[in-house]
Amino acid sequence: MPNLLPVPTTPLETPLLRAIRGIHARFTPLHEGEVASYIPELGKADPDHFGIAVATTDGHVYEAGDTAVPFTIQSVSKAIVYALALDMLGSEKVEAAIGVEPSGEAFNSIRLKADNRPFNAMVNAGAICCSGLLAEAAGDEAFELIRTTLSRFAGRDLAVDDAVFQSERQTGDRNRAIAYLLRTYGGVRGDVDHILDTYFRQCSVLVTARDLAVMGASFANHGVNPVTGETVASNYAVARTLAVMISSGMYDFAGEWIYRVGVPAKSGVGGGILAALPSQLGLGIFSPRLDAHGNSVRGLRTCSALSDAFDLHMLSRRDDVRTCIAADYDFRTVPSKPGRQPHEQSILEQRSSSIRVLELAGKLSFATMDYVTRRLTDPAGVPAFLILNLHRVSTITDAGLRLFTGLIRNQLPASTTTVIAGVEGNSPVAPQVKAMKEEGVRVRIFPTYDAAVDWAEDQIVYRHGGFSQIGIEADLSGQALLAGLSPQELADLSRLGTRVVFDAGTRIIDAGEPPARVYFLVRGMVSVRSMHDVRLSTLIPGMAFGELALIDQPRSADVWADTEAVCLEISAEQFRAFQETHARAADRIMRNLAILLAGRVRMATARIDMLTG
């Protein structure tokens, strides 16, 4: 029979990729502007080259056109070198030497502020001063330090176009004038030629449009290169660099740019533009035709088109802080887990408001975390156990973490135990949550929601005498799995089984073993634990475990004896023998098992309804 299913040969085109390709096709015929020629080597660029790349903060790169064509980074390097200086030399030293105000003039203006500092690090005077500070600190290693940093931002090793470097060196009289003016006022110290060589080489580093997109994404990702996962700049340096890019990155076109496009960006006379929208994307464009301001004509049009199409303007955000709470409930609306003894269930039902759950989602920022704290200001709504489920939280900002910590330390009463759930090893917020506990914040942390609920319920049951029978032997009549069996049927089942005793610390069930036995806990306490030895639930006399052996389903967790545990052990073969002689009782047991499993499904469904309703 022929295979009627189509065999895909290329990946499907996503909407963003389609939009980028459409914009590339739309502006390719645009031939306005001229290639920079004041540096002779730049004048040799092919004016028809045009590439667009977009890098996301999870490391995916979309490309259209000439995104692999190398060109010199030129003034785009200023942003990265400024971030490097802030991290290496400290903000106090850098900010004492270089201002942060827009100049309103051309990028190569020979003019300083009234206090004889450069206006900002995005114009030539500020960039030369910045390179001078690094040269003063690192000496002959200054340029290699810069090249390495540019490479780390790009995620690959970058080289220098020596021909462009020599051309800039031979024609850089205006930059020499700026450098000597700076030295006159103490803006740079030492050998001017060495400082300028560092600066000229910095501008002559070869990049591609893809490189600029990844660099932009590293800024957007708060200093972490999303392709390599390496931290390339501090959050402080990134925030301050983006701030200067907003006001000055596009030279004397910066005001128009931020008004119309609204994305921090830096351009270069090599035809490149780097843009970075925090927490969303990095954009790299290469097209050598420049306008009168020294910005790429196609690059400007491309950025404007993308910003309009996807509402990327940074001041046009419409986030609603209320979406950070996906659900807020207690166990009056969502049932607790089934399978407990009747007296335990009674305790939990009588105290169903003792556990409150907040399902949090997305980014916990200053605004969203403030909203969470305000949901908990009514003392009547603060329970004995507050479970904050972070399973769907992607990020906690520094400000959000401070409010989170303050909520637990200062706002909640001492009678409330805070439980954080959904923090598994690969959770993006796991390091912050664990660090919070290491700093002395009183909180319980569990990898899953179910484990957190089990623990909180155990605490309520324990506090109200529900576990007083741990040392007392329970008969089979109280087993939820055996409900409805007659005394004679219970006695016959008991005679089939074997009474076994497990010392404390014994692993009773190994998840890797085939399901072969069911255990009825008669005395003591056991715990169900994950493969990573995380307690998932606690079992006490009158509860069963290993019951999936009755339907030959694989196990997913280990069971350990917390105390000396006495169990009635019944093998699958023994249960089948019981089925043959006690068909009604065996049928009742299977129905009870179905009810227990259905109860677990109902709990999960109730949570889903709560989260999606």
Side-chain angles (χ1 to χ4, degrees), residues 35-47 49 51 66-85 107-108 121-135 138-179 188 191-212 214-215 249 251 266-274 284-288 290 294-296 299:
V35 173
S37 58
Y38 70 96
I39 299 172
E41 281 296 316
L42 294 184
K44 298 177 182 180
D46 184 342
H49 278 149
D66 303 315
T67 57
V69 173
F71 59 95
T72 52
I73 192 169
Q74 297 299 325
S75 289
V76 176
S77 64
K78 295 172 181 174
I80 294 166
V81 174
Y82 183 59
L84 167 63
F107 65 91
N108 58 358
M122 303 299 136
V123 295
N124 286 11
I128 291 169
C129 182
C130 200
S131 296
L133 291 173
L134 292 170
D140 293 340
E141 301 301 317
F143 171 68
E144 183 57 24
L145 174 65
I146 291 170
R147 189 195 67 80
T148 300
T149 301
L150 292 170
S151 298
R152 291 170 63 220
F153 265 84
R156 70 180 186 93
D157 194 51
L158 302 176
V160 174
D161 187 324
D162 193 63
V164 172
F165 164 63
Q166 295 297 341
S167 187
E168 293 209 32
R169 191 187 217 183
Q170 292 165 12
T171 59
D173 290 341
R174 190 175 186 89
N175 284 325
R176 282 191 176 82
I178 292 172
V188 298
D191 186 346
V192 166
D193 286 336
H194 172 62
I195 293 169
L196 287 173
D197 277 359
T198 300
Y199 174 69
F200 291 146
R201 281 196 174 92
Q202 162 191 321
C203 294
S204 302
V205 169
L206 286 165
V207 293
T208 65
R210 179 189 172 93
D211 292 332
L212 294 189
V214 175
M215 290 173 165
Y251 306 129
K266 185 70 195 80
S267 64
V269 294
I273 292 180
L274 175 156
I285 302 169
F286 169 52
S287 181
L290 309 180
N295 299 318
S296 170

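Values below: all heavy atoms of this structure, side chains included; hydrogens, waters and symmetry mates excluded. This one's a predicted model, so the numbers in the text were calculated from it and none came from an experiment.
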Would you say Ser296's side chain and Ser287's backbone share a donor-acceptor pair under 3.5 angstrom? yes
Closest non-hydrogen atoms of Leu158 and Leu206, given as atom of the first, atom of the second and distance, are CD2-O, 3.6 Å
Rounded to the nearest 0.5 Å, how far apart are OG1 of Thr148 and CZ of Phe143? 8.5 Å
Please confirm whether the backbone N or O of Ser267 pairs with a side-chain atom of Ser75, one donor and one acceptor, at under 3.5 Å? no
Is the shortest side-chain heavy-atom distance between Asn124 and Arg174 below 4.5 Å? no
List the steps and the verdict of side-chain contact (heavy atoms from CB on, under 4.5 Å) for Val207 and Met215. CA-CA 10 Å; Val207 293; Met215 290 173 165; 4.2 Å; yes
Taken to the nearest 0.5 Å, the spacing of Ile80 CD1 from Ile73 CD1 works out to 5.0 Å
Looking at Asp66 and Val69, would you say the former's side chain and the latter's main chain have a donor-acceptor pair under 3.5 Å? no
Considering all heavy atoms of both residues, which atom of Leu134 and which atom of Ala142 are nearest to each other, and what is their separation? O-CB, 3.8 Å
Just checking, is any N or O donor in the side chain of Gln170 or Glu41 under 3.5 Å from an acceptor N or O on the other one? no
d(Leu150 CG, Leu145 CG) to nearest 0.5 Å is 9.5 Å
Could you give the distance from OG1 (Thr72) to CZ (Phe200), rounded to the nearest 0.5 Å? 13.0 Å
Check for a donor-acceptor pair, side chain of Asp197 on one end and backbone N or O of His194 on the other, with a separation under 3.5 Å. no
Any non-hydrogen side-chain atom of Leu212 less than 4.5 Å from a side-chain atom of Ile273? no
Just by distance, do the side chain of Arg176 and the backbone of Arg169 share a donor-acceptor pair under 3.5 Å? yes
To the nearest 0.5 Å, tell me how far Lys266 NZ sits from Lys78 NZ. 5.0 Å
Should the pair Phe286 and Phe71 be assigned to parallel (<30°), tilted (30 to 60°) or perpendicular (>60°) ring geometry? parallel
Using a 4.5 Å cut-off on heavy atoms from C-beta on, say whether the side chain of Ile195 contacts that of Ile128. yes
Would you compute the distance between atom CZ of Arg201 and atom CD1 of Ile146 and round it to the nearest 0.5 angstrom? 11.0 Å
Nearest heavy-atom neighbours spanning Ser77 and Gln202: OG-NE2, 3.1 Å
If every non-hydrogen atom of Thr208 is compared with every non-hydrogen atom of Thr67, which pair is closest and at what distance? CB-O, 3.1 Å
What one should report as the nearest heavy-atom pair of Val76 and Gly272 is CG2-O, 3.9 Å
Would you indicate whether the side-chain heavy atoms of Leu42 and Gln74 approach each other to under 4.5 Å? yes
Contact summary for Glu168 and Cys203, nearest pair of heavy atoms: OE2-CB, 3.8 Å
Please confirm whether the backbone N or O of Ala127 pairs with a side-chain atom of Ser131, one donor and one acceptor, at under 3.5 Å? yes
